[in-house]
Amino acid sequence: MSLAEGPCYTIINSQDSDPYNEMQLKQDLEKGDTAVKIETLKKVIQLLLNGERLPGLLMTIMRFVLPLQNHTIKKLLLIYWEIVPKTSPDGKLLQEMILVCDAYRKDLQHPNEFLRGSTLRFLCKLKEPELLEPLMPAIRACLEHRHSYVRRNAVLAIFTIYKNFEWLVPDGPELIANFLDTQQDMSCKRNAFLMLLHADQERALNYLASCLDQVNNFGDILQLVIVELIYKVCHANPTERSRFIRCIYNLLNSSSNAVRYEAAGTLITLSTAPTAIKAAASCYIELIIKESDNNVKLIVLDRLIAMKENENMERVMQDLVMDILRVLAAPDIEVRRKTLNLAMDLVSSRNIEELVLVLKKEVAKTHNIEHEDTGKYRQLLVRTLHTCCIKFPDVAATVIPVLVEFLSDTNELAATDVLIFIREAIQKFDHLRPLIIEKLIESFPAMKSVKVHRAALWILGEYTASPKDILQVFDVVSETLGEVPIVEAEQKKLLGEQTEEEQKKNVTGSVPSNKVTSDGTYATQSAFSVAPTPLKEQRPPLRQYFMDGDFFVGATLAATLTKLVLRYIDLEPNEQKHNRLCTSAMLTMSSILHLGKSGFPTKPITNDDIDRIFLCLKTLSERTPGIVEIFKDTCREALATMLSAQNEEETQALREKQKVAAKVQADDPIVFAQLTSGRNDQLGENVFESSLNQALAGTKGTALSDVASPTSKLNKVTQLTGFSDPVYSEAYVHVNQYDIVLDVLIVNQTSDTLQNCTLELATLGDLKLVERPHPVVLAPHDFCNIKANVKVSSTENGIIFGNIVYDAGNMSNCVVLNTIHIDIMDYILPATCNDSEFRRMWQEFEWENKVAVNTTLTDLHEYLKHLLHSTNMKCLTPEKALSGQYNPNAPVIGHIRIRAKSQGMALSLGDKINLTQKGPQNKIISAM
């Protein structure tokens with residue numbers, strides 16, 4: 001019998017491998033009490049599983065154990081009959097097994113329903129028709145038993161026997177069809193219908209057609225089988241769709257979520273009608289809202305996203321945007337992110353206003369909720385509203401006041417995203433500039449982050465256009481900067497000098513207060529007799545930044561004031577006002593320079609900031625036309641160029657995504673399913689086949705070619721021993737995110753039986769062996785497959801090593817295995833992130849590795865392509881930014897800096913880059 005046709009044994013782990021005495025076993029089985037017989041029978045089963053034959057115990061068990069009525073013994077005997085050798089060396093059935101048939105028959109007629117049912121389950125595993133034939137009348141009789149457990153197992157037994165030995169039960173489909181008509185129990189009906197589905201689809205269809213109106217009242221296990229039948233029939237014969245599609249519609253209202261999910265998936269593969277798409281999408285949305293498991297929510301959301309990829313379905317789903325937004329009630333950030341992305345892809349001018357209203361409500365909800373993901377969710381909402389305004393400019397006026405509130409938020413990420421949006425909106429929508437400037441000036445004093453203040457200053461300096469607004473900006477800057485000159489004000493504070501206002505506060509605060517003593521009398525205490533409590537000094541925000549040593553915002557402030565003064569001079573004819581504003585700005589700048597060199601701040605001002613502020617002072621005093629032109633116009637033009645480049649990139653990416661080539665050309669080669677590993681990603685595919693492949697492949701990131709194509713699988717096979725070793729071994733290494741599965745093939749190349757053949761493994765690095773493989777017995781020239789699971793705690797290189805230990809004769813032998821190297825490239829996939837996320841990660845990741853460039857390539861672009869190809873990464877820098885001149889005759893030199901979360905990851909990637917640099921470095925034509 002080949003390995004594929006072997007029976008599926010029930011494996012029982014044996015902890016000890018003590019030597020056994022066959023005579024002692026016989027004696028225990030003959031004369032022992034029930035408890036001893038149970039223990040002995042367990043030991044016999046373990047010995048059989050370890051490869052012992054024990055032919056002398058067969059008759060003993062028949063005579064002394066088989067007649068017993070103990071239920072534990074009955075269960076153990078079923079396992080024993082399953083694994084005991086039933087044939088002689090020439091392949092004929094042992095004569096003794098005929099005697100066992102009578103015991104089977106008695107158990108099938110036993111009054112205890114559990115014994116009957118378990119015996120019927122056992123018969124499903126028998127592969128000997130000679131043993132099954134005498135039992136057929138008893139198996140048929142079990143179909144009429146009063147208990148459903150017996151009846152449903154009888155159906156399974158008949159199904160298995162019909163599948164393997166059709167001649168034993170030639171009328172099986174007819175028998176089960178009649179049984180199905182009379183049954184009320186759902187588990188029995190499900191098993192019977194399942195048999196008809198595989199054995200006689202016509203009868204299954206006839207039964208389904210006769211009870212279409214009652215399908216909603218069936219149990220979920222039967223409904224799932226009905227969905228599978230309808231799918232298979234309609235996929236094979238599309239003319240049957242009209243007959244059963246109403247049934248699928250009805251199953252969308254099933255009480256079982258599993259049935260509704262399968263029915264919705266089947267409906268969109270059978271029909272592309274708008275009503276069908278809408279019904280399926282609505283069903284998916286309801287499932288996401290009602291299901292509490294986040295994994296289920298994400299899976300169903302993926303189905304909705306897959307539907308959206310189809311143009312016909314996308315049009316229908318646009319009307320369901322508001323229903324999709326109900327999913328935002330889920331607390332999981334990943335569910336919310338996918339929901340918002342899906343809603344933005346589907347939104348249209350018809351429902352954009354409703355979408356914005358919902359998002360505004362979501363923004364309001366986040367104000368009073370403190371959760372670890374609240375900040376990230378607010379950032380998501382900001383980005384979504386940003387996208388809404390850019391796609392539909394009409395709603396920008398209602399969105400901007402809501403978003404500006406985020407500028408005073410403690411969450412710097414959300415505030416930064418708001419400013420990125422405002423910067424783009426103020427450049428693109430001229431009519432909104434007065435509103436944005438007004439809101440920015442209002443919220444400027446309440447901002448809490450230096451990055452937010454810096455970006456807001458740049459926007460105010462670039463787009464404040466009226467004299468009134470310019471003066472307002474100067475006022476708000478003066479308010480957030482405090483008294484100027486700054487150094488003199490700080491010296492006064494240091495010496496304890498106070499303004500009149502502060503003195504008044506102190507006088508009013510020193511009024512004696514009455515206190516009541518323990519005996520009830522009053523005691524007076526003056527504030528002057530109490531030691532003063534040091535209060536943390538409160539400074540205006542901009543001044544606080546300077547005192548903390550952050551003078552970059554000072555350079556930004558100087559540039560902003562310069563732009564505002566130059567614009568004010570063009571707008572205001574009064575020269576006296578020009579001079580007053582100009583001197584005010586110059587005083588502020590010189591005050592910042594003086595403070596930076598005074599020693600008051602924690603860190604002194606940098607030379608770059610000094611140069612920038614000096615340039616602004618010089619520009620205001622000399623007003624050279626070329627420099628003035630740069631301040632007034634060139635900065636804005638640079639922003640416009642950057643935004644247009646970003647817009648072009650996004651449009652290009654969208655255009656490439658929407659490119660749909662013809663599925664089949666006239667000169668395309670014929671595709672044989674057995675020889676190909678790919679598949680067309682369509683919603684009309686065979687979902688059962690693809691889901692099976694998906695389960696085998698592991699995750700979505702794993703290409704299905706790893707499962708379907710034998711060549712790609714062979715690429716991951718590692719030879720562990722030599723061909724001349726007594727035991728040959730090789731392993732297939734399958735990396736699935738944080739799990740590594742080793743499928744190890746072990747071949748006995750000797751003429752001896754190898755006892756206790758054990759695969760011993762150990763790991764190096766952040767790898768952990770989950771469980772040790774169990775020992776096996778290998779017959780001469782036999783082979784077996786052993787699977788070992790390894791958990792990964794960090795994405796870096798690791799090593800798995802070990803040996804194979806076995807007993808042959810009286811000798812213990814050992815074969816050392818080659819090491820298996822787990823490559824970091826198995827974990828790396830190309831991905832994207834925006835500039836702010838990249839900078840944040842660059843700051844947070846503390847481990848850095850600096851790798852020297854060692855290459856013969858002279859073209860910098862070719863070297864970059866080679867690096868991306870060898871490390872499986874993606875270049876985030878735009879193509880235009882990489883353009884430039886270099887020496888075409890000299891090889892590329894320099895360093896590659898790697899930042900990673902862990903030291904091992906940084907070192908492993910550095911080793912990988914060094915390894916690829918040592919190998920041949922040819923020009924890569926299509927690496928990008």
Side-chain angles (χ1 to χ4, degrees), residues 1 6-12 14 16-139 141-142 150 153 157 161 777:
M1 186 181 292
C8 177
Y9 290 144
T10 306
I11 304 299
I12 299 174
S14 173
D16 52 353
S17 55
D18 297 335
Y20 68 94
N21 184 334
E22 192 168 342
M23 291 303 295
Q24 184 62 43
L25 292 175
K26 273 189 179 183
Q27 192 174 350
D28 290 343
L29 290 170
E30 287 180 16
K31 299 180 179 177
D33 57 14
T34 303
V36 172
K37 287 183 178 180
I38 288 171
E39 290 303 316
T40 309
L41 195 54
K42 285 181 181 179
K43 193 166 186 179
V44 170
I45 290 169
Q46 289 168 355
L47 289 170
L48 283 169
L49 289 171
N50 285 336
E52 303 293 342
R53 305 284 291 183
L54 303 177
L57 294 180
L58 185 61
M59 285 306 297
T60 306
I61 289 174
M62 285 184 184
R63 289 174 58 200
F64 298 101
V65 182
L66 194 57
L68 297 177
Q69 296 301 312
N70 182 279
H71 285 190
T72 306
I73 288 179
K74 289 281 185 187
K75 284 191 281 185
L76 289 172
L77 278 174
L78 290 177
I79 298 171
Y80 175 77
W81 297 129
E82 180 186 345
I83 63 175
V84 72
K86 303 174 187 65
T87 55
S88 57
D90 58 357
K92 292 184 179 178
L93 189 70
L94 293 173
Q95 295 295 323
E96 294 91 334
M97 295 308 296
I98 302 299
L99 300 174
V100 182
C101 274
D102 188 52
Y104 294 158
R105 188 179 52 77
K106 286 179 181 175
D107 284 345
L108 289 174
Q109 295 170 346
H110 199 281
N112 185 292
E113 61 271 6
F114 174 75
L115 277 180
R116 281 202 190 198
S118 54
T119 307
L120 286 163
R121 290 294 291 262
F122 157 71
L123 293 178
C124 294
K125 301 176 183 179
L126 278 186
K127 302 295 182 185
E128 291 77 21
E130 300 92 333
L131 293 176
L132 292 169
E133 189 174 8
L135 302 175
M136 290 313 300
I139 295 172
C142 286
V150 178
N153 282 309
I161 294 167
V777 177

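Throughout, numbering of the chain's residues begins at 1 and tracks the sequence. The analysis underlying the following values was restricted to heavy atoms, covering all of them including side chains, and did not include hydrogens, waters or symmetry mates.
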Heavy-atom pair of closest approach, residues Ala138 and Leu108: CB-CD1, 3.8 Å
Can you list the residues that meet the salt bridge (Lys or Arg N to Asp or Glu O under 4.0 Å) rule with Lys106, with sequence neighbours excluded? Asp102
For Lys74, which residues count as a salt bridge (Lys or Arg N to Asp or Glu O under 4.0 Å) partner, sequence neighbours excluded? Asp107
Closest non-hydrogen atoms of Cys101 and Leu135, given as atom of the first, atom of the second and distance, are O-CD2, 3.5 Å
Does the Lys86 side chain pair with the main chain of Leu131, one donor and one acceptor, at a distance under 3.5 Å? no
Set of residues satisfying side-chain hydrogen bond (donor to acceptor under 3.5 Å, both in side chains) with respect to His71, sequence neighbours excluded: none
What pairs with Pro55 under side-chain contact (heavy atoms from CB on, under 4.5 Å), at least two apart in sequence or on another chain? Arg53
Partner residues of Phe64 under the side-chain contact (heavy atoms from CB on, under 4.5 Å) criterion, sequence neighbours left out: Glu30, Lys37, Thr60
side-chain hydrogen bond (donor to acceptor under 3.5 Å, both in side chains) filter on Gln24, not counting sequence neighbours, yields Asp28
Output all residues satisfying side-chain contact (heavy atoms from CB on, under 4.5 Å) with Thr34, sequence neighbours left out; order by chain, then residue number. Ile38, Asn70, Ile73
With sequence neighbours excluded, give me every ring-ring contact (aromatic ring centres under 6.0 Å, His included) pair touching residues 119-139. Tyr104-Phe122
So, using side-chain contact (heavy atoms from CB on, under 4.5 Å) as the criterion, who are the partners of Glu130 when residues are at least two apart? Leu93, Glu128
Is the backbone N or O of Val150 less than 3.5 Å from a side-chain atom of Arg116, with the two atoms forming a donor-acceptor pair by type? no
Provide the closest heavy-atom pair for Ala157 versus Leu120 in the form atom of the first, atom of the second, distance. CB-O, 3.8 Å
With Arg63 via salt bridge (Lys or Arg N to Asp or Glu O under 4.0 Å) - residues at least two apart: none
